Amino acid sequence: MRLAVVPGAGPVGLICRIGDDSRPGAPVLAADLASAIREHERSGALRWVWPCTAEIYPRLLQAGARVQRCHDAGLVEALLLGRAGRPGEPAGLPAAAARLRGAPVPAAGLSAPAGPQAALFDAGDIGAVPAATAAAALADLIAVYGAQQEQIAADRHPVRFSLLAGAESAGGLAAAEMSAAGLPWDAHVHNEMLTELLGRRPAPAPGPPLRPARLAELAARIAAAFGSGRPVNPDSPAQLVRALAADGVRVQSTRQSVLRGVQHPAVPLLLEYKELARLHAAYGWSWLDTWVSDGRFHPEYVAGGVVSGRWASRGGGALQIPKLLRRAVIADPGWTFVVADAAQLEPRVLAALAGDGAFAQAAAGGDVYAALASAFSGDRAKAKVALLSAMYGGAGGEAGQLLAVLRQRFPQASGYVEAAARAGEEGRVVRSVLGRTCPPPSAAWRSVTGESGDPDVQRDPGAGRAARARGRFTRNFVVQASAADWALVALAGLRQRLAAISSAAGGPQLVFFQHDEMIVHCPAGLADAVTAAVAEAAAAAGRLVFGATPVSFPMTTAVVRCYADAK
DNA sequence: GCCCCGTGCGCG
DNA sequence: AAAGCGCGCACGGGGC
């Protein structure tokens, strides 16, 4: 069963059944949308069709309503726009409906949270006849949903694209649920680590913020290590370059990799300073104050936030937490984490995509690189470099040689990424296994690389560089985006399986998702059941996304009370 | 004083 | 060991 729903201001909402013949029933005004949704969820399997999970679902979760399945019209519209070569155009319901009608498309942002959706009803409308705008929005939603279903069915691979739309929508649900649940975070442990590494937290004082003791001391020693004796701000690359030049050391930049090759007394101090300053600035006390409350880190995940289908995050740097700080991620008393990590996901994805027999056999078991080593005179490290270079487009060092071996021994696997690279260089688009489409080249790219038509006009000298850069992007896109397809389907499957597991102590919760890694927080007694669910979800994702293939997609799991112990 | 961009570095 | 791909965030510094 499918139910279309449009939220109103406050607790109200408008619900309408969509029949098997795709015809809408009569709209029903729910005075308390959350409880109406809870009621429907109890009565059996159904899919909610709504404009935007990120807008409606956090409120519902807060009111205690969880849903199993949905169709997020905004996320699906973005997928369809991407397929049509128009990524980034407004994908919210007002824009989608306007496009359907052939009317001028309202600017993006109108469909952003707290946009007009929130104003569909006045508070006084509760129990009254729904406002005309609400009825119109519901009609728009149903029309847009119908059109989207038709567009999905018209895809070259409708089953796959439909799976993508479902997984993208499920991802939206998981993202909202994970943001609401939060990642267990021990602020005390974090604070002690900061104090140990940086010194005591400086007391608030007027003027520019003070450095913690350890950083201040390092900064002073760095300044003293330069010949001029003048103050040097170690946070300023420009000042550092000048100070080094004054001492006869010329560097292109002050990044770690460059500094490591430089002989100067300030360098070791600088490297130490940079590492600690980074921790202080990005994940220090103010981060703790801002993002951690009640023992949870509450990040905001943005499902579909990356062109490849990976998630992005907003605020708190949820997807860049330094490994060091995993020490502060500690399960509640009596609870534990099941940390699941897809092992060597990208080479396995390439193996399944390319259908290269020998390569796929190598990806059927435990260690892909070890299985490929025999082709590289038994050297596992060489096999790894060859694979990474093929997927990322690197060719420096000995990578060129290793790529030639790869091309000879595994022509189909090599050919798959080479073809993607060529497509990109020629300005074409490429798609992931489920049909997520990369953006077309920008106008600037076309103008740099385009032939002028006049043989006397010199080709832009940057043309080759721009073409190759786009080739690397599309080469990587087919692998990264297909890996994201798999991970999203696995996440959706795990989410569904977890919903069926619970104990007196409570049910398992997804609390973290980072590209190919998932963390479930659960009562200790449920760890085995959760571990089994992870394995099932991973295997099912392999079948759903890639069909019949010898390639396996194992997830390593660790049952730990502290995230830092997972590896 | 505010905004934007480049630099640098954390994660996969 | 670093590089090739994808991101978010903090900071300095220039432009307004």
Side-chain angles (χ1 to χ4, degrees), chain A residues 208-209 211 215 232-242 251-261 270-271 273-284 286-287 290-291 299-326 341-347 349-350 381-382 384-400 402-403 417 420-421 424 430 432 436 438-439 465 468-484 486-487 512-518 563 567:
Chain A
R211 290 192 174 98
L215 284 181
V232 176
N233 179 359
D235 291 321
S236 166
Q239 288 184 30
L240 287 176
V241 168
R242 280 198 297 272
V251 289
Q252 287 296 316
S253 88
T254 61
R255 59 174 66 111
Q256 286 176 42
S257 54
V258 172
L259 288 182
R260 263 195 272 275
L270 259 176
L271 291 173
Y273 177 88
K274 276 171 168 280
E275 191 178 348
L276 294 177
R278 165 89 198 163
L279 179 67
H280 177 241
Y283 295 92
S286 65
W287 181 91
T290 308
W291 297 106
E300 191 181 346
Y301 295 99
V302 185
V306 179
V307 285
S308 66
R310 284 181 170 184
W311 288 9
S313 68
R314 199 157 35 215
L319 303 181
Q320 299 103 243
I321 298 167
K323 288 184 173 181
L324 182 74
L325 289 184
R326 293 179 181 182
D341 192 310
Q344 302 172 334
L345 179 57
E346 295 197 343
V349 163
L350 174 57
K382 285 185 177 171
K384 185 173 178 178
V385 169
L387 252 295
L388 293 180
S389 303
M391 294 188 296
Y392 291 155
E398 64 171 345
L402 297 173
L403 279 175
V417 283
V430 294
S432 74
R436 192 184 303 268
C438 83
R465 191 156 31 86
R468 282 190 298 277
R470 183 168 161 82
R472 285 193 300 273
F473 166 63
T474 49
R475 169 196 294 271
N476 184 250
F477 183 94
V478 291
V479 177
Q480 187 185 115
S482 298
W486 178 89
F512 195 59
F513 175 51
Q514 189 177 28
H515 313 315
D516 61 359
E517 185 175 359
M518 305 165 198
Y563 184 20
K567 275 184 184 168

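Just so we're on the same page: letters track the sequence lines, and every chain starts at 1. Everything numeric here is computed off the predicted structure, so don't read it as measured data.
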Any chance you could list the contact pattern along nucleotides 11-16 of chain C? Use B for base contacts, S for sugar-phosphate-only contacts and - for none, protein heavy atoms under 4.0 Å, 5' to 3'. SSS---
Please, which pairs that meet salt bridge (charged side-chain N to carboxylate O under 4.0 Å, His left out) have at least one residue in residues 390-399 of chain A, sequence neighbours excluded? none
Taking a pair as Watson-Crick (N1 to N3 plus N6-O4 or O6-N4) or G-U wobble (N1-O2 and O6-N3), both under 3.5 Å, which stems of 3 or more consecutive pairs involve DNA chain C? B:1-12 with C:5-16
Detail all sub-3.5 Å separations between protein N/O atoms and N/O atoms belonging to nucleotides 1-5 of chain B.
none

Sorted by chain and number, sequence neighbours left out, salt bridge (charged side-chain N to carboxylate O under 4.0 Å, His left out) with Arg211(A) holds for Asp235(A)
Please determine if a side-chain N or O atom of Gln256(A) lies less than 4.0 Å away from the OP1 or OP2 oxygen of dC9(B). yes
Ser313(A): partners by side chain to side chain donor-acceptor pair (under 3.5 Å), with sequence neighbours left out: none
So which pairs with a foot in residues 469-482 of chain A pass salt bridge (charged side-chain N to carboxylate O under 4.0 Å, His left out), sequence neighbours left out? Glu418(A)-Arg475(A)
Quick one: salt bridge (charged side-chain N to carboxylate O under 4.0 Å, His left out) pairs with a partner in residues 305-321 of chain A, sequence neighbours left out? Glu300(A)-Arg314(A), Arg310(A)-Glu346(A)
Among all residues two or more places apart in sequence or in another chain, which pass the side chain to side chain contact (heavy atoms under 4.5 Å, CB included) test with Val232(A)? Phe226(A), Gln239(A), Leu240(A), Ala243(A)
Can you list, in residue-number order, the parts of residues 303-317 of chain A that come under 4.0 Å of DNA chain B, counting heavy atoms only? Arg310(A)
For dG8(C), does the glycosidic angle fall within 90° of 0 (syn) or outside that (anti)? anti
Contact under 4.0 Å: Arg260(A) side-chain N or O vs dA2(C) OP1/OP2: yes
Excluding sequence neighbours, so at least two apart, what forms side chain to side chain donor-acceptor pair (under 3.5 Å) with Ser432(A)? Asp485(A)
Would you indicate, yes or no, if dG12(B) has its OP1 or OP2 atom less than 4.0 angstrom from a side-chain nitrogen or oxygen of Lys323(A)? yes
Using whole Å, report how far CG of Asp516(A) lies from C1' of dC11(B). 11 Å
By side chain to side chain donor-acceptor pair (under 3.5 Å) - contacts of Glu517(A) (at least two apart): Tyr563(A)
Do the side-chain N or O atoms of Lys274(A) get closer than 4.0 angstrom to the phosphate oxygens (OP1, OP2) of dC9(B)? yes
